[in-house]
Amino acid sequence: MFVWKDLLLFWRDRKGLVLLLLMPFLMILILGFAMKGLMEGSPEALRMKAALVVEDDEASGIERFRTELRRRSLPEAAESALAASAEQASPYTLLKRMMENEEVGKFVEFVPMDAETAHTALESGEVKAVLTVPPEFTYKALVGMLLGEDGGAALRLTAGESPVHVDVLQGMLNGFVRSLNFRTALGEYGRPDAEPALAAGGVESMTDAKPMNSFLYFTLAMSVMFVLFVAGTTAAKAFAELRGRVFDRVLLADRHPLRFLGGKAGAAFCVAWLQLTLLFVLSHLAFGLFPGRPFSFWLGLSAINAVLSIGVGGFAALLTALNFRFRSSTASSMFSSIAVTVMALAGGSFTPASLLPDWVMQIGVWTPNGLAISLYTLWIQGFAAVDMAPSLLKLAAFAVLTLTAGIYLFPARRRVA
Amino acid sequence: MLETTELVKRFKGTYAVQGVSLYLDKGESVGLLGPNGAGKSTTISMISSLIKPTSGDVLLYGNSVVKNPAAIRKVLGVVPQEIALYEELTAYENLKFFGRIYKLKGKELELRIQEVLDMVGLRERQKELVRTYSGGMKRRINIAAALLHEPEIVIMDEPTVGIDPQSRNHILDTVRLLNREKGTTVLYTSHYMEEVEQLCSRMYIMDHGKVIASGSKQELKRILTGEDILHLQLDGPGAGMAGELRMLDAVLQVEETENGLKLIVAKQSRILSQVVQIAERHQVEILRVHVHTPSLEDVFLHLTGRTLRD
Ligand SMILES: Nc1ncnc2c1ncn2[C@@H]1O[C@H](COP(=O)(O)OP(=O)(O)OP(=O)(O)O)[C@@H](O)[C@H]1O
Ligand SMILES: [Mg+2]
């Protein structure tokens with residue numbers, strides 16, 4: 001009943017609704033368009049040439065891997081399965097496929113060269129970077145990928161100045177290498193003594209390794225920022241109930257004050273979840289963010305929404321408790337004005353976290369919005385739940401912490417006088 | 001059934017209430033009068049267990065309310081001085097919420113909502129936002145919200161301040177109905193002596209955190225039986241002569257009125273000639289003199305030296 005009443009109040013508060021829904025959507029629209037060129041790389045601005053130096057021999061690498069398989073005297077079936085995978089998923093072929101990918105092609109044009117020419121080209125600035133596929137790349141990658149042993153795929157990137165270009169390329173390659181090493185998991189079942197050894201870097205599916213579209217980025221960034229306002233607004237409304245003496249009626253009805261607090265957390269949770277979900281759906285409809293994603297993808301999104309919303313509920317409870325304790329709405333208004341901005345900055349709501357100084361990122365990974373952004377990113381890029389677990393746990397811990405603090409600080413039973 | 005014993009409340013060094021003892025018998029309607037800041041609201045908050053007394057206790061059927069607030073909360077309805085409603089909800093939604101926190105639900109809740117709306121005469125307009133109501137209508141819903149759970153005792157804290165006569169009459173009727181027909185015990189706080197005179201059989205007069213007089217209307221008026229009230233209608237300002245009048249032994253109180261002065265004087269004091277002399281000295285002409293027997297307002301003035309709505 002407390003939640004019902006609070007939701008009704010939210011619904012009636014048209015100005016507040018505008019702040020919670022329309023504003024972020026407009027920001028997504030404006031920033032999305034403004035940054036479109038920059039983030040999607042108006043291909044001209046970001047396009048670069050890179051030299052490709054191949055020191056590896058794919059065929060002999062695969063052959064050597066085969067020999068290695070035989071040497072290990074694995075069960076017949078496993079051996080042939082692994083050999084077949086090596087053919088199909090030959091790392092060098094995968095790399096080539098990535099380089100030919102349309103999205104990647106927008107950024108980089110790879111020009112095959114030998115080591116020496118590449119070096120001169122780099123010096124003269126003709127190419128911005130040199131990507132070297134080192135000797136034994138195929139073999140080592142296959143061992144790492146299919147047998148789950150150390151080593152794994154490694155590429156070498158030599159770059160000139162021009163950091164932005166190189167960052168983009170670096171990021172792409174890192175993603176690729178990581179996704180290669182991830183394929184270890186696919187090899188697992190073929191190994192008799194399978195042990196869950198995921199190579200560092202986690203799991204990433206290659207098809208999704210394309211750069212984030214500016215609308216998608218700002219949808220995430222603005223949603224996680226504006227959802228924080230729900231906590232501030234909820235606490236401010238709660239304080240109005242104290243000042244307007246409506247809260248007295250709750251006490252007079254002999255309701256435990258914690259039920260009131262719980263109502264605040266619950267209402268904030270509902271509003272936050274609805275806000276996030278609506279923003280995602282709206283942005284999706286407007287900008288086609290998630291074309292052709294299955295229902296399960298949306299379920300996952302809304303689950304992350306829910307976890308983040310619990311965090312918002314926790315914040316709402318904590319701020320309500322502080323407002324009540326100090327009999328002033330300072331806590332909630334400071335939160336809405338200062339804390340949200342700081343968290344939004346640190347959490348990468350204004351600029352992608354990767355462009356922020358290190359120490360800010362360090363803080364950012366502990367903000368609920370920063371955590372949420374990384375969760376969404378992981379989910380959108382198709383990472384598995386295991387990889388999301390740390391952020392999920394942190395976010396949950398956050399919610400528990402704020403809720404507990406709120407309960408602890410909430411003045412119990414009587415009006416504080 | 002309800003009794004307070006030497007209630008004291010101190011707020012950071014200042015005493016809002018200093019030793020208030022009062023009682024309510026079942027079915028009684030009792031008035032609590034006093035000027036601004038007398039400590040009425042603070043006393044009510046202590047009775048209704050919203051704030052903890054610095055010392056003293058509130059007893060409900062002999063049991064301490066301070067120790068066990070739940071007992072009184074069940075049987076008590078409080079109409080706060082402020083309009084404690086959600087402005088952005090309709091009257092109906094407000095009542096529904098307040099009914100539910102009193103654990104009413106379903107048909108019973110619906111029934112009670114419509115009943116209290118009838119009592120305050122706002123059944124037709126229940127679907128409108130409280131924000132759009134007039135001050136008087138808000139006050140009426142403010143009362144209705146306290147009656148949902150059919151409390152045995154209702155405490156009203158200045159339920160008629162700043163409203164139109166129609167709403168005011170409605171509220172007074174509501175209180176009468178509650179008290180006389182439903183047998184509800186009422187503690188009625190007001191600045192308006194007429195209201196208390198009409199509604200209550202007994203009253204307490206508070207000032208500066210203390211009860212300075214109590215009893216029935218007649219008992220209180222008897223305080224002034226040794227006195228007369230003199231209305232002087234003057235042709236000019238009376239402020240000048242007021243000071244001199246106060247010096248007279250027989251004059252107990254002097255108050256400026258719209259067109260002159262009001263004096264409370266000892267009976268048979270024969271001071272009229274002195275008053276005339278003083279007026280002459282101040283070059284003020286006395287147009288008319290009126291002597292009358294005291295009202296409760298006069299009692300109040302006598303006791304506190306102020307009018308109720310100073
Ligand atoms: N929470 C508080 N903190 C400090 N002082 C307070 C507090 N509540 C009341 N007071 C003081 O206590 C005194 C009594 O206040 P109270 O509200 O009880 O008076 P009242 O008789 O209800 O007046 P009114 O007719 O204006 O409603 C006042 O001087 C007021 O300033
Ligand atoms: Mg008061």
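The greatest number of non-hydrogen atom pairs below 4.5 Å with chain A, out of B/Glu88, B/Lys12, B/His149, B/Arg100, is found for B/Arg100. Ranked by non-hydrogen atom pairs under 4.5 Å with chain A, the options B/Asn142, B/Leu76, B/Ile72, B/Leu85 are led by B/Asn142.
Contact annotation for B/Phe97: both backbone and side-chain heavy atoms come within less than 4.5 Å of a heavy atom of chain A. Residue contact with chain A, scored on non-hydrogen atoms closer than 4.5 Å, involves the side chain of B/Glu82 exclusively. For B/Leu129, the part sitting under 4.5 Å from any heavy atom of chain A is the side chain, from C-beta outward, and nothing else.
A 4.5 Å side-chain heavy-atom check between B/Ser48 and A/Leu252 finds at least one atom pair inside the cut-off. Considering only heavy atoms from C-beta on, B/Leu89 comes within 4.5 Å of A/Leu9 through its side chain. Inter-residue side-chain proximity for A/Leu8 and B/Tyr86 is flagged as unmet; no heavy-atom pair is nearer than 4.5 Å. Contact annotation: the side chain of A/Trp4 approaches that of B/Lys96 to within less than 4.5 Å [non-hydrogen atoms, C-beta and beyond]. The closest side-chain heavy-atom distance from A/Asp254 to B/Lys103 is not below 4.5 Å.
A/Arg12 has no carboxylate O lying under 4.0 Å from a charged side-chain N of B/Glu87, or vice versa, which leaves the two without a salt bridge.
For residues 258-275 of chain A, every residue pair satisfying the side-chain hydrogen bond (donor to acceptor under 3.5 Å, both in side chains) rule, not counting sequence neighbours, is listed here: A/Asp6-A/Lys264, A/Glu241-A/Lys264.
Heavy atoms of other residues, nucleotides or ligands lying less than 6.0 angstrom from CZ of B/Arg10 number 12 at most. Heavy-atom contacts from other residues, nucleotides or ligands closer than 6.0 Å to CZ of A/Phe290 number more than 12.
Checking A/Arg249 against B/Asn94 by side-chain atom types alone, no donor-acceptor pair falls below 3.5 Å.
The two residues B/Ile101 and A/Val250 make their nearest non-hydrogen contact at CD1-CA, 3.9 Å.
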